[in-house]
Amino acid sequence: MTPTPSPALPAIIALARSGALDRARRLFDEAGLRSADDAASLSVHGRLLKDEARRAGPDERPRLWREAGDAYARAAALGGDTYPLINAATLALLAGDRPTAEARAGEVLARLQAGDTGPETPYYLEATRAEALLLLGRTEEAAASLRAACALAPEAWEDHASTLRQFSLILETLDEDAGWLAPLQPPRSLHFAGHMGVDDDPALRAAIDERLAAERIGFAFGALAGGADLIVAEAVLARGAELHLVLPASPPVFRAESAAPLGGDWSGRFDAVLDRAASVAVAGSGRDATTMLHIRLAAEIAMGRAVMKAAGLASEAVQLLIADPGADGSATEHIGAHWRAAGRRQLRLEQPRPGDAPPGGHRLPAAPEGGRLAALIAVGLEDDAPAQLARAAAALDGTTPLTPAVVAAEVLHLAFADPLEAGAVAGRIARDGTSRVAAHYGVIRLVDSPFGAPPAAIGAATGVAPDLLASTPPGAIHVSEALAAALHSRAELGPGETAWIGELVRDGRTLGLHALTPPDA
């Protein structure tokens, strides 16, 4: 009789995906699953060990790879599927046991030949065949099989990226060239920005089209101001790429302030592109006017989302900047400098404003009164709140919070000007394995206190992180997409790796939710 999988497994898998690996491992042990002999539990055990190996140091990693592979191998022996068996084969190679890796890879090919595979997609079956051939050193056959797999699901970019990452790791372990994988890489991601005072010049359009084609752009992220933004967005749609808009204000407000002032047909073109966009997000909430601070927030989120998309697809993110050579210090130049500061590649097209355009272009308010961009942390306080607060105070040592720490409604509230610093602090607080930590990035207002206290942070953004705590398990850090994007816009992974875990509906708005795993967790 086949053992019934433990009812605890879905919760364990959810915890591991949310970044709470220590708690997932603890729940696995508490459920008595280390001695389980069913395929599902063994596969989850293999997954937990594999995740632990990724976090371990070089001395410990081979042992954990081996133990993870053995768990998957036992699952394969019980369940018959190729998924755990190909994992077991690759993990044996990573552990330094090539004979075992080749033996298991040979068994994978035998099962594929016999149709003993489990319920898998045609893409996965062919990619599994390619991986087994690669482990056996049959590289040319592996390459042909991988090309066939990609042809079976030509737009399954996430699946392609996962396979390519696995192949890159195998080729690195075998000390072989991975250059032949390049033609199979998913398309690149683009962040675009530019100034409003742009003539709709055929030469500019041709230059944009040329760069989009040369870079194989498949996904683009940016705003939709009249002028450069709109021209690039139209070119992205014309080549069949996905367009993702991040606006600094609601669409009607942003149209009125960034497209309508240009006259002509810019407003109608704004609406036409808006209707065809794959997604439209608004940075912040309740905006009834556009400020330069919200433009900066929207740009940081769009930049980060472009980087996150490329990272998820094992591809590259590049920026296309339509710049006015006579506008040093402009919002466009600030956005370009932000991108370059992270060491990323930038494509620049210089397009001067028309001679009759006002210097500096269309002026918008700088910020709401007292407005600041802030990374906001919420820590859920439990029964051991005094000990938690003491650990949090230690985690703040050497940092520069934007405002003093505040405790309200069993939540510790912290604010930082720098998202990277906030991410590092969140990681140190969550390191105890028991604290629930959530964070968000947005526009706040710093207001003077009439009670003699330091300035206080107010605004809708201050309530987002506490709301995220409801979905955050102990030992995990859940962050809004705005903060995840801000981290990625500044560094390749910010202070840690972010993983998409779902969505949260708040005040009628849907917030993307990510798990943040600091590298030293």
Side-chain angles (χ1 to χ4, degrees), residues 6 8-9 11-79 81-105 107-108 128 131-132 134-135 162-175 314 427 430-433 473 475-477 493 496-499 515-521:
S6 168
L9 287 179
I12 294 167
I13 294 170
L15 285 167
R17 287 175 177 166
S18 74
L21 181 57
D22 292 334
R23 185 161 177 80
R25 199 168 49 214
R26 188 159 57 248
L27 181 57
F28 188 87
D29 292 342
E30 290 170 356
L33 296 178
R34 279 190 178 270
S35 59
D37 60 355
D38 64 283
S41 297
L42 286 165
S43 287
V44 171
H45 193 197
R47 186 252 167 83
L48 294 176
L49 288 166
K50 185 166 63 172
D51 288 346
E52 188 176 348
R54 292 192 180 105
R55 301 194 318 180
D59 293 339
E60 278 290 291
R61 199 169 292 137
R63 175 185 63 81
L64 292 166
W65 287 140
R66 183 180 67 255
E67 292 179 4
D70 290 346
Y72 275 120
R74 292 196 299 275
L78 291 170
D81 293 353
T82 53
Y83 169 78
L85 187 55
I86 192 62
N87 270 282
T90 296
L91 287 164
L93 178 71
L94 298 179
D97 185 356
R98 188 164 185 177
T100 297
E102 291 180 347
R104 290 171 177 171
E107 187 179 345
V108 168
T128 299
E131 187 172 342
L134 188 61
L135 290 168
S162 177
T163 302
L164 291 172
R165 276 192 289 267
Q166 187 85 330
F167 275 49
S168 295
L169 186 57
I170 292 170
L171 289 165
E172 180 184 355
T173 304
L174 294 173
D175 195 25
R431 193 180 298 160
D432 62 16
I477 308 168
L493 288 174
E497 185 175 4
T498 59
L516 174 66
T517 307
D520 58 351

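In what follows, residues are counted from 1 in the order of the sequence shown.
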### Task
Please assess Val108 against Glu131 for the test side chain to side chain contact (heavy atoms under 4.5 Å, CB included), listing each intermediate value before the final yes or no.
CA-CA 10 Å; Val108 168; Glu131 187 172 342; over 6 Å; no
### Task
Take Asp97 and Arg66, measure what side chain to side chain contact (heavy atoms under 4.5 Å, CB included) needs, and give me the verdict at the end.
CA-CA 8 Å; Asp97 185 356; Arg66 183 180 67 255; over 6 Å; no
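Heavy-atom minimum distance, Arg104 versus Ala73: NH2-CB, 3.6 Å. Scanning both residues, Ala95 and Pro62, for their nearest heavy atoms gives CB-O, 3.5 Å. Shortest non-hydrogen contact noted between Ala53 and Leu64 is CB-CB, 3.6 Å. Of all non-hydrogen atoms in Leu94 and Trp65, the two that sit nearest each other are O-CD1, 3.5 Å. Residues Ala89 and Ala105 come closest through the heavy atom pair CB-N, 3.9 Å. Considering all non-hydrogen atoms of both residues, His45 and Phe28 come closest at CB-CZ, 3.4 Å.
Ionic pairing of Asp70 and Arg63 is not present here: no N-O contact between side-chain nitrogen and carboxylate oxygen is shorter than 4.0 angstrom. Using a 4.0 Å cut-off between charged side-chain N and carboxylate O, Arg54 and Asp51 make a salt bridge.
Taking NZ from Lys50 and OG from Ser43, the interatomic distance works out to 9.5 Å, rounded to the nearest 0.5 Å. In this structure, the separation between CG on Leu169 and CG on Leu91 is 9.0 Å, given to the nearest 0.5 Å. Considering CG of Asn87 and CG of Asp81, their distance stands at 11.5 Å, rounded to 0.5 Å.
You'll find the side chain of Leu33 reaches within 4.5 Å of the side chain of Ile12, heavy atoms only. A heavy-atom distance below 4.5 Å is not found between the side chains of Asp38 and Leu78. Looking at Leu134 and Leu171, their side chains come closer than 4.5 Å, going by heavy atoms from C-beta outward. The side-chain heavy atoms of Glu52 and Leu48, taken from C-beta on, include no pair separated by under 4.5 Å. Ile86 places a side-chain heavy atom less than 4.5 Å from the side chain of Leu135.
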